[in-house]
Amino acid sequence: MLAVLTGGTGGAKLVQGISLETDPEDLVVICNTGDDFVLHGLHISPDLDTITYTLAGISDGKKGWGIAGDTFVALEWLGRYGGESWFKLGDKDLATHITRTRLLSEGLSLSQVTDHIRNALGVKAKVLPMSDDRVETRIATPAGEISFQEYFVKRRWQGEVSGVSFAGAERCRSAPGGLDAIREATGVIICPSNPVTSIGPILAVPGIRAALKETEAPVIAVSPIIQGAAVSGPADRLMAAMGMEVSSFGVAKAYADFVDLFLIAHEDAALQEKIEGLGIKTIVASIRMGSLSDKRSLAREVVARL
Ligand code: FO1
């Protein structure tokens, strides 16, 4: 069994490749839920949904989130009634959030709800939230703290960030099966997701970092940074805000206590020696995933090392 740790859009590309290059029934995908929030009274779990839709083959590959071909009629009407419309919830996507909110209110845990949704969509891989407890990624700005989605979607990552925190993380528990998946896996893959706000919250869940260190399986990570810039999203800005070096080396350093193997881009080949100095075997590869064939060949490259 392979355990995969991921955020949303960036990580989903590799998750898709891995699911096509291995037996999906043999995959446990542990997702960030620090981006979750409540809007229109609905519990929204963007990364769980991005991964589930991707594995179901219904995701909007261009946007990187939501369902392909979705319409936005309900959102327009929510706006008419004075509701928030900056977070683009599609009509089909809304059915997911309504179902999640209903099942949570009936007493199911977030992992049970996630299982229900992935089964209904025919997803064979196990999709697990990092925790069933509420953990909230908070972005500190000079004007005060805001939620991750307010920073990411409403403000389009603009403005100064002075810190990132994960409210509730110290008290939360890993979702059932998460720690065992890491400990019992034959390989663990850390997707090229934002190390601060996608992988960071997962690592903040008590026990996960220790399980990554303890597991006998090789732990392999793919860099989300190429030539000092994020492949997508604000990873570079947030790394800088957290005082990390904005490079593949900076990511490797943040994972150095548990990663055995690190994949970096050809453009970063000059960093290989420096990263190996951290005790991490480093491989130079084609890590950009523009097409389905890129996703599959990177997945093959990763899986071949496990
Ligand atoms: N990202 C955006 O940039 N704009 C949106 O309006 C937006 C809506 C949205 C709706 C449902 C969903 O599951 C995800 C959505 N995302 C949107 C993506 C998401 O907020 C981020 O990609 C992740 O939180 C970061 O991993």
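Counting starts at 1 for both ligands and their atoms, following the listed order. Because the structure is predicted, anything quoted here is derived from the model rather than measured. Every heavy atom of this structure was used, including side-chain atoms; hydrogens, water molecules and symmetry mates were not.
- Taking only nitrogen or oxygen atoms, main chain and side chain alike, Asp49 does not reach within less than 3.5 Å of ligand 1.
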>> Quick one, Thr114 with Leu128, criterion side-chain contact (heavy atoms from CB on, under 4.5 Å). Give me CA distance, side-chain angles, the key distance, then yes/no.
In response: CA-CA 7 Å; Thr114 305; Leu128 262 192; over 6 Å; no
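- Here the heavy atom of the protein found nearest to atom 22 (O) of ligand 1 is Phe152 CE2, 3.6 Å.
- A salt bridge is absent between Arg288 and Asp294; no separation between the charged side-chain nitrogens and carboxylate oxygens falls under 4.0 Å.
- Scanning both residues, Cys31 and Ile202, for their nearest heavy atoms gives C-CD1, 4.0 Å.
- Proximity of Tyr53 to ligand 1 is not established, as no heavy-atom distance is less than 4.0 Å.
- Distance from atom 13 (O) of ligand 1 to its nearest protein heavy atom, with residue and atom name: Pro46 CA, 3.3 Å.
- Geometrically, Lys213 does not engage Phe258 in a cation-pi contact defined by less than 6.0 Å to the ring centre and at most 45° from the axis.
- In Lys63, neither the side chain nor the backbone holds a heavy atom less than 4.0 Å from any atom of ligand 1.
- Using a 4.0 Å cut-off between heavy atoms, Asn32 makes no contact with ligand 1 at all.
- Atoms of ligand 1 lying under 4.0 Å from any heavy atom of Phe148, numbered from 1 in the order shown and given with element: 24 (O), 25 (C).
- The protein atom (non-hydrogen) at minimum distance from atom 24 (O) of ligand 1 is Asp35 OD2, 2.7 Å.
- Taken to the nearest 0.5 Å, the CD1 atom of Ile220 stands 10.5 Å off from the CG atom of Leu2.
- Using a 30° and 60° split on the angle between ring planes, Phe87 and Phe37 fall in the perpendicular class, above 60°.
- For the residue pair Asp60 / Tyr53, no side-chain donor-acceptor distance below 3.5 Å is found, with atom types taken as modelled.
- Atom 26 (O) of ligand 1 has Asp47 OD1, 2.8 Å as its closest protein atom, hydrogens excluded (heavy atom only).
- Of the protein's non-hydrogen atoms, Trp65 NE1, 3.2 Å is the one closest to atom 1 (N) of ligand 1.
- Evaluation of the side chain to side chain donor-acceptor pair (under 3.5 Å) rule for Asp23 yields no partner, not counting sequence neighbours.
- Where the criterion is an N or O separation shorter than 3.5 Å, residue side chain and backbone included, Asp93 fails it with respect to ligand 1.
- Of all protein heavy atoms, the one closest to atom 10 (C) of ligand 1 is Phe87 CE2, 3.2 Å.
- In the vicinity of Arg156, heavy-atom distances shorter than 4.0 Å reach the ligand 1 atoms 3 (O), 4 (N).
- The distance criterion of under 3.5 Å between nitrogen or oxygen atoms is not met by His97 with respect to ligand 1.
- Using a 4.0 Å cut-off between charged nitrogen and carboxylate oxygen, Lys274 and Glu276 do not count as a salt-bridge pair.
- Crowding of Glu273 atom CD: a count of heavy atoms from other residues, nucleotides or ligands under 6.0 Å not exceeding 12.
- Contact atoms of ligand 1 toward Gly8: 26 (O) (distance under 4.0 Å to a heavy atom of the residue).
- Using a 4.5 Å heavy-atom cutoff, the side chains of Val251 and Met239 are in contact.
- Residue contacts with ligand 1: Thr50 is placed with no nitrogen or oxygen under 3.5 Å of a nitrogen or oxygen of the ligand (distance criterion only).
- Between Glu25 and Lys124, no side-chain nitrogen of the basic residue sits less than 4.0 Å from a carboxylate oxygen of the acidic one, so the salt-bridge criterion is not met.
- For ligand 1 and Trp86, the ligand atoms under 4.0 Å from any heavy atom of the residue are 6 (O).
- The closest protein non-hydrogen atom to atom 6 (O) of ligand 1 is Lys88 N, 2.9 Å.
- Backbone and side-chain nitrogen or oxygen atoms of Ser198 are examined, and none is located within less than 3.5 angstrom of a nitrogen or oxygen of ligand 1.
- If you look at Lys154 next to ligand 1, there are no close heavy atoms at all, none under 4.0 Å.
- The single protein non-hydrogen atom nearest to atom 20 (O) of ligand 1 is Gln149 OE1, 2.8 Å, given as residue, atom name and distance.
- Taking the six-membered ring where the residue is Trp, Phe152 and Trp157 present tilted rings, their angle falling between 30° and 60°.
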